[in-house]
Asker: 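Can you keep this structure in mind? I'll have questions shortly.
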Amino acid sequence: MATNLKNFMQVGRKIVAVGRNYRAHALELGNQVPTKPILFLKPTSSYITEGEKIKIPVGCSSLHHEVELGIVIGKPGSRISEQEAMNHVAGYVLALDMTARDFQDEAKKKGQPWSLAKGFDTSCPVSSFIEKKSLTAPENTRLWLKVNDAIKQDGNTKDMIFSIPFLVSYISTYFKLEEGDVILTGTPEGVGPVCEGDVIQAGLGDIVSFTFQVEKS
Ligand SMILES: O=C(O)/C=C/C(=O)CC(=O)C(=O)O
Ligand SMILES: [Mg+2]
């Protein structure tokens, strides 16, 4: 197990994101509640950290915020059992899965992939690495997000449909998980648009919070 993943963004090889993992969020966008995890990938070039800005992608007229708990993998593995799953987790990260909702809606209508909607540069703002021991109840932790000081998302990871051990096990059945990989576990309800000049603040319980500003590309 890796002991220092402060630089998970450099060693990480992939970001695996889970969609519609909160019932209320699936329903707010008019989707069915999934019976198995919906997965998509974001490139590591989408990472930014505090001090950098979220850039509205060219041609996007509806950029949405999604606050999420990220799991940082510390020990590689394939076909990891649910019982073993937590031994592969090194820690956590607070993340935003910024989404060009208009691009995604168009892709959904045409049956196309979500890569552009979810993977553009700056679409994955992250906090610093949170040691596993610092987050004692990852599956019962508040996740909140404000835009210009107004609360927009206020959820709890206890409402995830698929648990952390299940997600690690399920994902590793298909994708080998490697040290530094990040799993975004889905967003609670309350997603919505942001515009140029907006300031997004988000937090994970009282463990970590961050602030990002939105600007044009
Ligand atoms: O199906 C949709 O309309 C949208 C789904 C998402 O964007 C899924 C997520 O990224 C999520 O639930 O966090
Ligand atoms: Mg998401």
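One-based numbering, in listed order, for ligands and for the atoms of each.
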Asker: With distance as the sole test, does Ser123 use its side chain to make a donor-acceptor pair with the main-chain N or O of Lys118 at under 3.5 Å?
Answerer: yes

Asker: So, does Asp102 use its side chain to make a donor-acceptor pair with the main chain of Cys60 at under 3.5 Å?
Answerer: no

Asker: Let me have the donor-acceptor pairs involving side chains of residues 188-204, under 3.5 Å, with sequence neighbours excluded, atom names and distances please.
Answerer:
{"unit_1": "Asp198", "atom_1": "OD1", "unit_2": "Asn148", "atom_2": "ND2", "d": "2.9"}
{"unit_1": "Asp198", "atom_1": "OD2", "unit_2": "Cys195", "atom_2": "N", "d": "2.7"}

Asker: Between Ser169 (side chain) and Ile80 (backbone), is there a donor-acceptor pair under 3.5 Å?
Answerer: yes

Asker: Assigning hydrophobic clusters by single linkage (Ile, Leu, Val, Met, Phe, Trp, Tyr; side-chain heavy-atom cutoff under 4.5 Å), is Leu94 placed with Val89?
Answerer: yes

Asker: For residues 205-217, run the donor-acceptor check on the side chains, cut-off 3.5 Å, and write out each pair with its distance to 0.1 Å, sequence neighbours left out.
Answerer:
{"unit_1": "Ser217", "atom_1": "OG", "unit_2": "Ile56", "atom_2": "O", "d": "2.5"}

Asker: Should Lys14 and Glu178 count as an ion pair when the cut-off is N to O under 4.0 Å?
Answerer: yes

Asker: For residues Ser163 and Glu139, determine if any side-chain heavy atom of one lies less than 4.5 Å from a side-chain heavy atom of the other.
Answerer: yes

Asker: Between the side chains of Lys55 and Asp121, is the shortest nitrogen-to-carboxylate-oxygen separation below 4.0 Å, so that they form an ion pair?
Answerer: no

Asker: Near the Mg ion (ligand 2), which protein N/O/S atoms are found at less than 2.8 Å?
Answerer: Glu66 OE1, Glu68 OE2, Asp97 OD2

Asker: Report all N/O contacts between ligand 1 and the protein shorter than 3.5 Å as a table of atom names and distances to 0.1 Å; if there are none, say 'none'.
Answerer:
{"unit_1": "ligand 1", "atom_1": "1 (O)", "unit_2": "Arg20", "atom_2": "NE", "d": "2.9"}
{"unit_1": "ligand 1", "atom_1": "1 (O)", "unit_2": "Arg20", "atom_2": "NH2", "d": "2.6"}
{"unit_1": "ligand 1", "atom_1": "1 (O)", "unit_2": "Asn31", "atom_2": "ND2", "d": "3.0"}
{"unit_1": "ligand 1", "atom_1": "1 (O)", "unit_2": "Lys108", "atom_2": "NZ", "d": "3.2"}
{"unit_1": "ligand 1", "atom_1": "3 (O)", "unit_2": "Asn31", "atom_2": "ND2", "d": "3.0"}
{"unit_1": "ligand 1", "atom_1": "3 (O)", "unit_2": "Lys108", "atom_2": "NZ", "d": "2.4"}
{"unit_1": "ligand 1", "atom_1": "7 (O)", "unit_2": "Glu66", "atom_2": "OE2", "d": "3.1"}
{"unit_1": "ligand 1", "atom_1": "7 (O)", "unit_2": "Arg101", "atom_2": "NH1", "d": "3.0"}
{"unit_1": "ligand 1", "atom_1": "7 (O)", "unit_2": "Gln104", "atom_2": "NE2", "d": "3.1"}
{"unit_1": "ligand 1", "atom_1": "7 (O)", "unit_2": "Lys118", "atom_2": "NZ", "d": "2.8"}
{"unit_1": "ligand 1", "atom_1": "10 (O)", "unit_2": "Glu66", "atom_2": "OE1", "d": "2.9"}
{"unit_1": "ligand 1", "atom_1": "10 (O)", "unit_2": "Asp97", "atom_2": "OD2", "d": "2.9"}
{"unit_1": "ligand 1", "atom_1": "10 (O)", "unit_2": "Lys118", "atom_2": "NZ", "d": "2.6"}
{"unit_1": "ligand 1", "atom_1": "12 (O)", "unit_2": "Arg20", "atom_2": "N", "d": "2.7"}
{"unit_1": "ligand 1", "atom_1": "12 (O)", "unit_2": "His25", "atom_2": "NE2", "d": "3.3"}
{"unit_1": "ligand 1", "atom_1": "13 (O)", "unit_2": "Glu66", "atom_2": "OE1", "d": "3.0"}
{"unit_1": "ligand 1", "atom_1": "13 (O)", "unit_2": "Glu68", "atom_2": "OE2", "d": "2.9"}
{"unit_1": "ligand 1", "atom_1": "13 (O)", "unit_2": "Thr187", "atom_2": "N", "d": "3.1"}

